[in-house]
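The next block holds one structure in the form of structure tokens; read it before the comments.
What you see is a predicted model, and the numbers here were worked out from it, not measured in a lab. Just so it is clear: chains get the letters A, B, ... in the order the sequence lines come, proteins before strands, and each one is counted from 1.
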2 protein chains.
Amino acid sequence: MSFSNQAYKALIGDLTSLVEIPEHQLSLVISSFKPKKLTKKAYLLNKGEVSNHMRFVAEGCLRSYMLDNNGQEHILQFGISGWWVNDLYSYLTRKPATHFVQAIQPSTVLQIHRDTLEKLYNRVPSLERFFRIKFQNAYTALQERHLDKMSLTAKDRYENFRRKYRDIEQMVPQYMIASYLGITPEFLSAMRKKE
Amino acid sequence: MSFSNQAYKALIGDLTSLVEIPEHQLSLVISSFKPKKLTKKAYLLNKGEVSNHMRFVAEGCLRSYMLDNNGQEHILQFGISGWWVNDLYSYLTRKPATHFVQAIQPSTVLQIHRDTLEKLYNRVPSLERFFRIKFQNAYTALQERHLDKMSLTAKDRYENFRRKYRDIEQMVPQYMIASYLGITPEFLSAMRKKE
DNA sequence: GTACGATCTTAAGATACCTTAATTTTTTTT
DNA sequence: AAAAAAAATTAAGGTATCTTAAGATCGTAC
């Protein structure tokens, strides 16, 4: 496939927005990512499987979630175009995934195998930097979300969400937003009514 | 100061447990960290200051926390020997810190300035890898904590905390554990009574 | 060793959010 | 277009956790 197509353009954009990569290294990196199409509701990763790829969302929308002891879903992350989605714990430890990753809309992801990536790190040092910065950013974003859960009411979190992720709000059912916010769909519905 | 002392040994141990660093590079890295002693209750970082260092706890115990709109404290992280503590958001963006970092016990930290570290990354590639792995691990740990907050009762979280951080429990007052768990000290006290 | 500040406890009343279950609305499938 | 499935709403009753405020301990400084 051609690397000039839309899916790869998003990936190239993401890479080059954070680090400088010489042209020949960039095409080496890009060509190591393989596209995967997902129908709506298809699973990219099931609980129990080992996650062996880093995954970039080129198109569509996915979610990662876990089931708690009561069988309730908890959404960890949505992923739309330009985001990375995974069960990082599984990817890093090679242990069975504790989360699911599922397409909410028909989606395309670009994925690279762990072995390929580890080798690439040695040939393309910027790539190591890229992921370091990515993880740093992911960490601070998650920290902020955690603090929001600690200090804000459900209403405030919902308003923040709508302001911050207007694009995601369009693509996912309301009960998943409730799950992401850590409340029940019924309570979210009641909150919306009061507005 | 000598790098064979206890404080530096912990840092060397942390570095070499994750990446291989040639001897001469290692001493270059180590010598870039400067020790800083803190009395009990001293602030390593105040809200509003820019965090310019990465900080490794060699000895003692610290906490990072933020104040919400109601003036309530929320503890993000405890740091005992072997942990890294910071307001990462401030360090990465060079914007004023939104959190405080304070010593709970008399403590020693080893810190490296951002400029020094950025330069070192180019001479010691393993260091880039070290922090990538550190952030990956920090991210998954924080994710787990977030999910615990979403899916477990305060009682379960408290029991998990005691099992996981017996050493921290000894060093910090109970009301800070409550803050870390996201509950009030009164409620923690009531929970303990029921046991 | 006394005294003061910091921490912990107790208890009563309040509230944000949950549970259940039934109904309506929207979306998808045939 | 009808039928089926998925998602959203409504409402009543329940509970985990908070708020306030007072009193009891503990720790540390003088």
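Side chains of B:R132 and A:Q136: a donor-acceptor N/O pair is absent below 3.5 angstrom, by distance only. B:R63 and B:Y180 are not linked by any side-chain donor-acceptor pair at a separation below 3.5 angstrom, with hydrogens and angles left out of the test.
Contact annotation: A:Q174 side-chain N/O to D:dT9 OP1/OP2 distance is under 4.0 Å. At the phosphate of C:dC17, OP1 or OP2 sits under 4.0 Å from a side-chain N or O atom of A:R157. Proximity of B:K155 to the phosphate of D:dT17: no side-chain N or O atom is located under 4.0 Å from OP1 or OP2. Side-chain nitrogen and oxygen atoms of A:K193 include at least one within less than 4.0 Å of the OP1 or OP2 phosphate oxygen of D:dA11. An OP1 or OP2 oxygen of D:dA7 is reached within less than 4.0 angstrom by a side-chain nitrogen or oxygen of A:Y175. Using a 4.0 Å cut-off, some side-chain N or O of A:T184 falls inside it from OP1 or OP2 of C:dC18.
The distance from atom CG of A:L188 to atom C1' of C:dC17 is 12 Å, rounded to the nearest whole Å. The nearest whole Å value for the distance from the CG atom in B:L152 to the C1' atom in D:dT17 is 15 Å. Regarding B:F187, its CZ atom lies at a distance of 17 Å from the P atom of C:dC8, rounded to whole Å. Regarding A:M171, its CE atom lies at a distance of 15 Å from the P atom of C:dT27, rounded to whole Å. A:Q72 places its CD atom 10 Å from the C1' atom of C:dT19, with the value rounded to the nearest Å. Across the protein-nucleic acid pair, A:R192 atom CZ and C:dT24 atom C1' stand 15 Å apart, rounded to whole Å. The interatomic distance linking B:K40 (NZ) with D:dA29 (P) rounds to 8 Å, in whole Å. When the C1' atom of C:dC18 is taken as reference, atom CG of A:L181 falls 15 Å away, rounded to whole Å.
Annotation: B:F33 is not in aromatic contact with B:F56 [ring centroid separation under 6.0 Å not met].
The residues B:E118 and B:R114 are annotated as not salt-bridged, no charged nitrogen and carboxylate oxygen being separated by less than 4.0 angstrom.
Among the nucleotides C:dT28, C:dC18, D:dT9, the one closest to the side chain of A:I183 is C:dC18. Each of D:dT9, D:dA16, D:dA21 was ranked by its minimum atom distance to the side chain of B:E186; first place goes to D:dA21.
Nucleic acid contact class of B:A154 (heavy atoms, under 4.0 Å, all strands): sugar-phosphate only.
The pairing partner recorded for D:dA12 is C:dT19, the criterion being a Watson-Crick or G-U wobble arrangement whose two distances lie under 3.5 angstrom.
Here the NZ atom belonging to A:K149 is positioned 9.0 Å from the CD1 atom belonging to A:I183, to the nearest 0.5 angstrom.
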